[in-house]
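Note that this is a predicted model, so its numbers are computed, not measured.
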Amino acid sequence: MDNKFYIYKLARQSDKTNYHFVDIDIDKAPSEDAVYYGLTRNPQKRLSQHRPIKGDNISMCIIAEFDSVWFALEHEARIIADHVRTYGQAPELQGMANSGVSQ
């Protein structure tokens with residue numbers, strides 16, 4: 001993996017998904033099927049960490065990439081806020097980091 005920071009969304013699929021399948025669809029957010037948005041430097045490793053907790057029918061799609069963690073964090077927060085504005089609530093599995101509020 002390179003030194004990029006990736007913003008991703010997780011979505012539920014109808015079937016069990018592959019641990020190593022990470023799709024790329026830049027700028028496709030927010031989206032109604034998203035159950036979670038996150039930031040990672042290693043998408044495949046992060047997907048394998050999510051699956052035991054969020055389910056084996058979870059897929060990951062990279063929606064943005066950045067060279068700077070600060071711009072990546074800003075983009076992640078904006079996507080979550082836009083999701084709430086558009087769909088009236090946070091994604092199903094979205095917790096709020098460091099807030100004490102969970103899903």
Side-chain angles (χ1 to χ4, degrees):
M1 204 51 46
D2 52 34
N3 289 323
K4 302 273 187 195
F5 296 89
Y6 299 95
I7 304 299
Y8 63 89
K9 74 173 184 178
L10 299 180
R12 293 200 189 282
Q13 305 300 311
S14 57
D15 296 319
K16 184 177 178 178
T17 59
N18 184 308
Y19 261 87
H20 303 290
F21 182 75
V22 176
D23 196 10
I24 297 174
D25 199 1
I26 302 296
D27 293 328
K28 296 297 181 184
S31 63
E32 192 170 15
D33 67 340
V35 296
Y36 182 86
Y37 297 101
L39 166 66
T40 187
R41 292 185 84 171
N42 187 332
Q44 288 185 334
K45 180 179 179 184
R46 190 66 183 119
L47 177 59
S48 70
Q49 293 168 332
H50 277 304
R51 283 178 47 113
I53 298 165
K54 294 178 171 53
D56 63 6
N57 65 337
I58 290 293
S59 66
M60 178 183 279
C61 183
I62 303 300
I63 54 179
E65 71 175 57
F66 295 87
D67 293 324
S68 165
V69 68
W70 305 115
F71 296 126
L73 286 165
E74 175 186 44
H75 191 77
E76 177 191 21
R78 187 177 327 115
I79 287 172
I80 296 166
D82 288 348
H83 187 102
V84 172
R85 283 186 197 96
T86 302
Y87 303 110
Q89 61 187 13
E92 171 190 351
L93 301 175
Q94 196 77 47
M96 290 180 267
N98 301 316
S99 71
V101 177
S102 63
Q103 40 199 25

Using every non-hydrogen atom in the two residues, find where [X] and [Y] come nearest and quote the distance to one decimal.
{"X": "I62", "Y": "Y6", "value": "CG2-CD2, 3.8 Å"}
{"X": "F5", "Y": "D67", "value": "CE1-O, 3.6 Å"}
{"X": "P30", "Y": "I79", "value": "CB-O, 4.2 Å"}
{"X": "Y37", "Y": "P91", "value": "CE1-CG, 3.5 Å"}

Side chain to side chain, [X] and [Y], heavy atoms closer than 4.5 Å:
{"X": "N3", "Y": "R41", "value": "yes"}
{"X": "I58", "Y": "R12", "value": "yes"}
{"X": "V69", "Y": "L39", "value": "yes"}

Supply the atom-to-atom distance [X] [atom1] to [Y] [atom2], rounded to the nearest 0.5 angstrom.
{"X": "L47", "Y": "M60", "atom1": "CG", "atom2": "CE", "result": "5.0 Å"}
{"X": "I63", "Y": "S31", "atom1": "CD1", "atom2": "OG", "result": "7.0 Å"}
{"X": "I80", "Y": "R85", "atom1": "CD1", "atom2": "CZ", "result": "11.5 Å"}
{"X": "Q94", "Y": "H83", "atom1": "CD", "atom2": "NE2", "result": "8.5 Å"}
{"X": "Q49", "Y": "N42", "atom1": "CD", "atom2": "CG", "result": "8.0 Å"}

Fill in: Hydrophobic cluster membership, L10 vs V84, 4.5 Å side-chain cutoff
no
Discussion item. Could you work out, with ring pair (Phe, Tyr, Trp, His ring centres under 6.0 Å) as the rule, every residue matching F66, not counting sequence neighbours?
Written reply: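 Ring pair (Phe, Tyr, Trp, His ring centres under 6.0 Å) check on F66 returns H75.
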Practice prompt. Not counting sequence neighbours, list each pair that qualifies as a salt bridge (charged side-chain N to carboxylate O under 4.0 Å, His left out) and has a residue in residues 31-40.
Written response: K9-D33
Worksheet item: With a cut-off of 6.0 Å (strictly less than), are more than 12 heavy atoms of other residues, nucleotides or ligands near OH of Y87?
Response: yes
